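Here is the structure we will look at.
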Amino acid sequence: ESLGPNEGIVFAYGTEGSRSFVMREMAFPLDIVFVDGEGQVIAIFEAAADDDRTFTARARWVIETNRGYTATHGIAVGDEVRGLPR
């Protein structure tokens, strides 16, 4: 039902590919961060609670955090993410 202030969810895929997320029936808003196979942030989407839009990008990892987390922490497209599960 919620994430703590410094928590997130990491979706790890074996290879990079097209990934699509929809936030239908989500109880709270999220930032959705798409990370390529090299660990570089390639897209960040802000999704409202119960958002019907589809968010799509090529990624090996997708990270969901509380809405506003990326802006508050200065995370931007082009940044490198370290420590991802392989």
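All figures in this text were calculated on a predicted structure; none of them were measured in a lab.
To the nearest 0.5 Å, the span separating CD on Glu7 from OH on Tyr69 amounts to 10.5 Å. Atoms CD and CZ, from Glu16 and Arg58 in turn, are 5.0 Å apart once rounded to the nearest 0.5 Å.
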Passes side chain to side chain contact (heavy atoms under 4.5 Å, CB included), Arg24 versus Asp50? Steps please.
CA-CA 4 Å; Arg24 210 173 295 116; Asp50 200 26; 4.2 Å; yes

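Proximity of a side-chain donor or acceptor of Trp61 to a complementary backbone N or O of Pro85 within less than 3.5 Å is detected.
When the side-chain hydrogen bond (donor to acceptor under 3.5 Å, both in side chains) test is applied to Thr54, no partner is found at least two apart in sequence or on another chain. With sequence neighbours excluded, no residue forms a side-chain hydrogen bond (donor to acceptor under 3.5 Å, both in side chains) with Asn66. Here Pro5 pairs with nothing under the side chain to side chain contact (heavy atoms under 4.5 Å, CB included) rule; sequence neighbours left out.
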Sequence neighbours excluded and cut-off under 3.5 Å, please list the side-chain donor-acceptor pairs for residues 76-83, or say none.
from	atom 1	to	atom 2	distance (Å)
Asp79	OD2	Ala76	N	2.8

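Counting only residues at least two apart or on different chains, the side-chain hydrogen bond (donor to acceptor under 3.5 Å, both in side chains) pairs with a member in residues 31-41 are Asp31-Thr70.
Met23 belongs to a hydrophobic cluster whose remaining members, ordered by chain and number, are Leu3, Ile9, Phe11, Tyr13, Phe21, Met26, Phe28, Leu30, Ile32, Phe34, Ile42, Phe45, Phe55, Val62; membership requires side-chain heavy atoms of ILVMFWY residues under 4.5 Å apart, directly or through intermediates.
The heavy-atom pair separating Glu1 from Ala27 by the smallest distance is O-CB, 4.3 Å.
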